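Start at 1 and go down the list; that is how both ligands and their atoms are numbered. Keep in mind it's a predicted model, so treat the numbers as computed, not measured.
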Amino acid sequence: MSKIIVSPSILSADFANLERDIKRVENAGADWLHIDVMDGHFVKNITIGVPVVKSIKKVTKLPLDVHLMIENPENYVKAFADAGADIITFHYEAVEGVNGVIELIKSCGVKVGMSIKPKTAPEKILDFLPKLDLILVMTVEPGFGGQSFMQDCAEKIPLLKQHATESLIIQVDGGINAETAKICTGFGANSLVAGNYIYNSADINKAVSSLR
Ligand code: DX5
Ligand code: ZN
């Protein structure tokens with residue numbers, strides 16, 4: 001069994017105390033830091049952008065796992081890479097030319113991820129898997145933290161795994177807690193994003209380790 005990569009989502013952190021809340025998950029043994037970028041167009045919420053990523057880079061050594069829930073991600077990829085993103089994940093549904101965006105992200109020297117929303121069939125994206133470092137299977141409708149896990153989304157994972165290379169990271173995001181994490185890793189996920197479960201727990205250390 002490969003190592004599970006835990007990527008806490010700072011969407012559930014206290015933005016007025018972001019450095020403190022980043023340190024909390026870092027000390028709890030998180031592997032990556034998940035940063036949700038939303039533009040109010042691709043999803044009905046607005047969160048954070050390039051300047052915040054740049055500031056976060058200065059206060060943590062954790063790899064920055066940047067999840068772009070934005071239209072026209074190709075216009076912002078370079079800026080996020082320059083700001084310190086280590087992994088940039090765009091949405092399949094947000095772009096016209098998938099291959100072009102994959103190449104663009106690679107050309108910035110960062111890892112490339114692609115995400116699919118709950119209603120997107122996994123069959124549609126199988127051809128792209130060999131070109132990706134990471135596939136993100138959304139287990140809620142993107143836009144907000146604290147929603148309930150959709151098991152039928154996680155059921156897409158076995159098919160993706162069948163067509164994936166050994167090194168492809170299969171990430172899930174949305175409604176992940178100790179219980180739903182088990183379901184996802186059982187299907188073959190090896191990276192877990194969790195916001196609400198980690199940041200709203202009484203013991204962050206326990207919450208992070210309970211996901212593994
Ligand atoms: C939702 C975001 C998630 C969100 C997950 O659109 O992509 O990363 O922070 O939050 P929880 O773990 O609370 O469902
Ligand atoms: Zn996310």
Side-chain angles (χ1 to χ4, degrees), residues 4-15 18 21-22 24-25 28 30-49 52-53 56 62-71 73 76 80 85-94 105 110-120 132-154 156-157 169-185 189-202 204 206-212:
I4 302 294
I5 300 164
V6 176
S7 191
S9 166
I10 58 163
L11 193 56
S12 299
D14 175 0
F15 282 3
L18 200 46
D21 279 3
I22 289 168
R24 280 186 177 159
V25 293
D31 301 290
W32 293 353
L33 196 69
H34 187 82
I35 304 177
D36 289 302
V37 176
M38 307 187 191
D39 65 352
H41 292 276
F42 182 70
V43 290
K44 289 193 178 69
N45 196 4
I46 298 176
T47 54
I48 59 180
V52 177
V53 173
I56 291 173
L62 291 177
L64 304 186
D65 168 26
V66 176
H67 178 192
L68 299 181
M69 286 161 274
I70 63 175
E71 286 178 358
Y76 302 94
F80 279 106
D86 295 275
I87 304 116
I88 296 182
T89 298
F90 67 97
H91 265 269
Y92 168 74
E93 303 85 359
I105 295 174
V110 300
K111 285 195 159 64
V112 56
M114 186 170 81
S115 181
I116 52 171
K117 297 208 286 185
K119 289 194 187 81
T120 301
L132 298 170
D133 296 301
L134 178 150
I135 179 79
L136 167 51
V137 178
M138 289 304 298
T139 43
V140 298
E141 281 297 339
F144 297 90
Q147 303 180 76
S148 298
F149 175 75
M150 296 159 81
Q151 168 138 354
D152 54 330
C153 296
K156 298 173 184 175
I157 295 171
I169 296 165
I170 303 181
Q171 186 176 63
V172 285
D173 181 7
I176 300 299
N177 55 38
E179 229 170 84
T180 57
K182 232 185 256 170
I183 296 171
C184 293
T185 54
N190 60 353
S191 176
L192 306 166
V193 175
N196 193 56
Y197 176 66
I198 292 178
Y199 277 111
N200 290 330
S201 74
I204 285 189
K206 247 194 214 158
V208 169
S209 54
S210 72
L211 291 173
R212 298 189 194 281

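- Of the candidates T89, D36, T47, H67 forms a side-chain hydrogen bond (donor to acceptor under 3.5 Å, both in side chains) with just one, namely D36.
- Of all protein heavy atoms, the one lying nearest to atom 9 (O) of ligand 1 is S9 OG, 2.8 Å.
- Under 4.0 Å from ligand 1, the heavy atoms of L11 that appear belong solely to its side chain.
- Atom ND1 is the N/O/S atom of H67 found closest to the Zn ion (ligand 2).
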Just do the side-chain hydrogen bond (donor to acceptor under 3.5 Å, both in side chains) check on T180 and Y197 with the steps written out, would you? CA-CA 11 Å; T180 57; Y197 176 66; over 6 Å; no

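- The N, O or S atom of H34 lying closest to the Zn ion (ligand 2) is NE2.
- Below 4.0 Å from some heavy atom of H34 lie the following atoms of ligand 1, by number and element: 8 (O).
- Side-chain contact between F80 and V37 is present, with heavy atoms from C-beta onward closer than 4.5 Å.
- Considering N196, N200, D173 only, the shortest heavy-atom separation from atom 8 (O) of ligand 1 involves D173.
- Atom CZ of F42 sits in a crowded spot, with more than 12 heavy atoms from other residues, nucleotides or ligands closer than 6.0 Å.
- With a 6.0 Å radius and a threshold of 12 heavy atoms from other residues, nucleotides or ligands, E179 has its CD atom at or below the threshold.
- Take the Zn ion (ligand 2) as the corner point: the lines to OD1 of D36 and to OD2 of D173 open at 170°, to the nearest 10 degrees.
- For atom 6 (O) of ligand 1, the closest heavy atom belonging to the protein is G143 N, 2.7 Å.
- Of the protein's non-hydrogen atoms, the one nearest atom 10 (O) of ligand 1 is G145 CA, 3.5 Å.
- Atom numbering of ligand 1 starts at 1 in the shown order; those under 4.0 Å from a heavy atom of M69 are 6 (O), 7 (O).
- In terms of polar-atom proximity, defined here as any N/O pair under 3.5 Å, V140 makes no such contact with ligand 1.
- Listed for the D31 side chain is a donor-acceptor partner under 3.5 Å among the backbone atoms of V6.
- Checking side-chain atoms of K206 against main-chain N and O of S201 turns up no donor-acceptor pair under 3.5 Å.
- Every atom of ligand 1 with a heavy atom of V193 under 4.0 Å away is listed here by number and element: 8 (O).
- No donor-acceptor distance shorter than 3.5 angstrom exists from the side chain of S7 to the backbone of V193, with no hydrogens or angles considered.
- In terms of protein heavy atoms, atom 12 (O) of ligand 1 is closest to G195 N, 2.8 Å.
- If you look at Y197 next to ligand 1, there are no close heavy atoms at all, none under 4.0 Å.
- Of the protein's non-hydrogen atoms, D36 OD1, 3.4 Å is the one closest to atom 2 (C) of ligand 1.
- Counting only heavy atoms from C-beta outward, the side chains of W32 and D86 never approach each other to under 4.5 Å.
- Heavy-atom separations between F149 and ligand 1 are all 4.0 Å or longer.
- The closest donor-acceptor contact from the side chain of K44 to the backbone of F144 lies at 3.5 Å or more, if one exists at all.
- With hydrogens left out, the protein atom closest to atom 11 (P) of ligand 1 is G146 N, 3.6 Å, a heavy atom.
- Residue M138 comes nearest to S115 through the heavy atom pair CG-OG, 3.5 Å, listed as atom of the first residue, atom of the second, then distance.
- Atoms of ligand 1 lying under 4.0 Å from any heavy atom of G174, numbered from 1 in the order shown and given with element: 14 (O).
- Less than 4.0 angstrom separates some heavy atom of P142 from each of these atoms of ligand 1: 6 (O).
- Here the side chain of E93 pairs a donor or acceptor atom with the backbone of K117 at under 3.5 angstrom.
- Close contacts between ligand 1 and A194 involve ligand atoms 12 (O) [criterion: under 4.0 Å to a heavy atom].
- In this structure, the side chain of Y199 does not engage the main chain of P8 through any donor-acceptor pair within 3.5 Å.
- Annotation: atom 1 (C) of ligand 1 to nearest protein heavy atom, F144 O, 3.6 Å.
- Inter-residue side-chain proximity for I198 and L211 is flagged as met; some heavy-atom pair is nearer than 4.5 Å.
- Shortest contact from atom 14 (O) of ligand 1 to any protein heavy atom: G175 N, 2.8 Å.
- Taking every heavy atom of H67 and a limit of under 4.0 angstrom, the matching atoms of ligand 1 come to 7 (O).
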